[in-house]
Amino acid sequence: MSTEQLSPVEGIKARSRHLRGTIAAGLVDLVTGAISEDDTQLIKFHGIYQQDDRDLRAERREQKLEPAFQFMVRARIPGGLCTPAQWLAFDAIARDYADGTLRLTTRQTFQLHGVLKGVLKPAIAAINRSLLDTLAACGDVNRNVMCTTLPLQRALHATALELARGISSRLLPQSGAYHEIWLDGVKLERDTETVEPLYGSTYLPRKFKIGIALPPDNDVDVYAQDLGYIALLEQGRVVGYNVVVGGGMGVTHGDLATWPRVAEPLGRCTPAQALAVAQAVLTTQRDHGDRTNRKHARLKYTLETMGLAAFRAEVEARAGVQLGPSVAVTFKDNGDPAQGWHTDDHGLHHYVLYVPSGRIGDVGEWRAISGLRAVAARGLAQFRLSANQNLVLSDIAARDRDAVAALLRDYGLSAPVSPVRHLTLACVGLPTCGLAMAESERYAPSFISKIEALLADHGLAGTPINVRITGCPNGCARPFLAEIALVGKAPGRYNLYLGGAADGSRLTVPYRDNITEGEILELLAQALGCYAATRTPGERFGDFVIRAGIVAEVTSGPEFSLAVRRLTGA
Ligand code: SRM
Ligand code: SF4
């Protein structure tokens, strides 16, 4: 392939001396709050995004000022488990260097927003002092590895979490750039392939995501991952994993060659083979992924091009493993367990805390940042970040349960919310996300109040429905697996999708394009009216809309695009 055909980011990576670029020099350039354009690509591999406050854009332009540049910092926390000390460290870092809030993400980690260039370095150093880091949290590498959050079966969960951590370590970039730039590590200017034995100098064609699900919970949305592991359980042990590949959400409006995809079964591996399989899938994608077009570079497209059989043969050869046939597994759902207390098989207690769109701050009576600081300061719980933007205060001894409950009550954190609100995800969107076309996080609370009212009107109060809202079709809240999804098209306008399965195994279906809130609520009122009148016992809304013919099921990415074409005439 000639280098002219490669996407420009490939050249930036190749020239970067393994992710160094001119980041170090850019950090001390006081003329601008930004870094160089090439470095904005490279800094992602260090877990950092350059952004600007979009609420201030027009005003700054009018004042002839550069945009209000700031940085988003994302941590790497495989499986989302933090100690109280780590929680306190992030809380302090958010106050000292960011906007004072913590944002729990849909991949079980923290984001800090509003970090200015001048304090990036001390912020990253402080994260590392807490024994967490930000390396590979973004960029064309393996991202934060997810694992089912709630350890109801402790031994099984420990096995899955160990795999998540093992994969995360095995697939970390090896370049010394991170330590050199952020931690004043030894300067290593080696620029040979041996620096990155796994990734080479151009890393992956695109981001790569892995999640591990412990049935019956599919809270990690295993079918949205490039590579998913579904634990196979026998007599209280993990005896193997179903390996699924090629999930992904990102779509571009109007580009029918882009589509979401549900991961498909590759085969079954033993626990001992799981790491080798991860490395083989990643390197197969490294070598076969499309480096000419970043919109066609994810594993889901590689699989469509190679075909599953050829892909499997390549993975087996690289891993030195023969995959067995996948085993049928049933999931309950892809949401978090119900808000409130749960007890595991060792008698430890866990509190599932509902967090609106993952934003931990003090808002009116809901004083999460202060309340959780109090829980952490007394060392009463571990902190497990969920893949659905919630938090589990976990591993609480019976003697401490009342103390935790009292703190949650005192800080206004235990008021019950409806199942639909608990299940809702909304991506960050405006004002920090440079790609947002419409509001999401800031819009979700009022939209859900209207959905709650609709449900109540139809005698459906308390019905669980999985609603996901994103400000654009990149799919950060995994909307294309929701029972109801709103995807931003323009300010105040969304595409509406219906019909995902509650267990996360089926794509949602494009239903209406570019409509307003009023139109969305009218359509949902009609669909919910039919649902209330004719649903079968226990039938979920996502299944109902397909059975009732409100939307026709789509079973593949290309079929999703056909449905878009039918809807829009594109
Ligand atoms: Fe995402 C880009 C936020 C999970 C698909 N995502 C972005 C950026 C960095 C915008 C940008 O490129 O400038 C967003 C930063 C917003 C901000 O201001 O903080 C952003 N993504 C998020 C988070 C914070 C959403 C949230 O509300 O929690 C999630 C952080 C996860 C993490 O901790 O690592 C987040 N993003 C996801 C997911 C869900 C998942 O991984 O399970 C997806 C869909 C799954 C997938 O990858 O297919 C997702 N994000 C994207 C894409 C589309 C990728 C694609 O292949 O099409 C982009 C755009 C891109 O990469 O070019 C994107
Ligand atoms: Fe931004 Fe779009 Fe992701 Fe939302 S879905 S955070 S708007 S990139």
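Counting begins at 1 with the first residue of the sequence. Numbering of ligands and ligand atoms starts at 1, following listing order.
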Among all protein non-hydrogen atoms, which one is nearest to atom 18 (O) of ligand 1, and what is the separation to 0.1 Å? Thr432 OG1, 2.6 Å
Just to check, does Ala387 reach to within less than 4.0 Å of ligand 1 when the distance is taken from its heavy atoms? no
Can you tell me which residue among Val277, Ile230, Ile212 is in a side chain to side chain contact (heavy atoms under 4.5 Å, CB included) with Tyr241? Ile212
Please walk me through it: do Ile369 and Ile360 pass side-chain contact (heavy atoms from CB on, under 4.5 Å)? CA-CA 6 Å; Ile369 197 112; Ile360 305 272; 4.1 Å; yes
re atom 29 (C) of ligand 1, the protein heavy-atom contact at minimum distance is Thr106 OG1, 3.4 Å
Flag, side chain of Gln86 to backbone of Thr83, donor-acceptor distance under 3.5 Å: yes
Decide whether an N or O pair under 3.5 Å exists between Met249 and ligand 1. yes
Top protein contact for atom 13 (O) of ligand 1, by heavy-atom distance: Tyr49 CE2, 3.6 Å
Atom 52 (C) of ligand 1: of Arg359, Gln50, Lys207, Arg76, the nearest heavy atom sits on Lys207
How are the rings of Tyr443 and Tyr494 set to each other: parallel, tilted or perpendicular (split at 30° and 60°)? parallel
Below 30° counts as parallel, above 60° as perpendicular, anything between as tilted: where do the rings of Tyr497 and Phe560 land? parallel
Can an N, O or S atom be found in Cys476 less than 2.8 Å away from atom 3 (Fe) of ligand 2? yes
Residue, atom name and distance, where the atom is the protein heavy atom closest to atom 25 (C) of ligand 1: Cys476 CB, 3.6 Å
A student comparing Lys209, Arg103, Gln225 should find that the heavy atom closest to atom 43 (C) of ligand 1 comes from Lys209
Counting only heavy atoms closer than 4.0 Å, does ligand 1 sit against the backbone of Val428, its side chain, both, or neither? both
May I ask you to decide whether Arg60 forms a salt bridge with Asp52, counting only side-chain N to carboxylate O separations under 4.0 Å? no
Report the part of Ala426 (side chain from C-beta onward, or backbone N, CA, C, O) that has a heavy atom under 4.0 Å from ligand 1; answer both or neither where that applies. backbone
If the contact criterion is a heavy-atom separation under 4.0 Å, does Asp221 count as touching ligand 1? no
From Met72, Gln70, Arg143, Arg74 - option closest to atom 34 (O) of ligand 1 by heavy atom: Arg74
Any atom of ligand 1 sitting under 4.0 Å from a heavy atom of Gln108? no
Classify the angle between the aromatic ring planes of Trp87 and Phe383 as parallel (below 30°), tilted (30 to 60°) or perpendicular (above 60°). parallel
For ligand 1, is there an N or O atom under 3.5 Å from any N or O atom of Asn474? no
Ranking Arg206, Gln51, Met146, Arg294 by closest non-hydrogen atom to atom 60 (C) of ligand 1, top hit is Arg206
N or O pair under 3.5 Å between Arg298 and ligand 1: yes
No-hydrogen, no-angle side-chain donor-acceptor test under 3.5 Å, Arg421 and Ser449: yes
What do you reckon, does Gly358 put a non-hydrogen atom under 4.0 Å from ligand 1? no
Assess whether a salt bridge exists between Arg359 and Glu441, defined as any Lys/Arg side-chain N lying under 4.0 Å from an Asp/Glu carboxylate O. yes
Lys332 and Asp217 ion-paired at < 4.0 Å: yes
Between the side chains of Thr101 and Asp99, does any donor sit under 3.5 Å from an acceptor? yes
Which protein non-hydrogen atom lies closest to atom 32 (C) of ligand 1, naming both residue and atom, and how far is it? Arg107 CB, 3.3 Å
Salt bridge check, Lys13 against Glu10: does any charged N sit closer than 4.0 Å to a carboxylate O? yes
Decide whether the shortest distance between a heavy atom of Asn144 and an atom of ligand 1 is less than 4.0 Å. no
Metal site atom 1 (Fe) of ligand 1: N/O/S of Cys427 inside 2.8 Å: no
Look only at the side chain of Arg103 and the backbone of Gln111, and say whether a donor-acceptor pair between them is shorter than 3.5 Å. no
Could you identify the single nearest non-hydrogen protein atom to atom 42 (O) of ligand 1 and state the distance to 0.1 Å? Arg478 NH1, 2.7 Å
Among Ala426, Ala438, Cys472, which one has a heavy atom closest to atom 2 (Fe) of ligand 2? Cys472
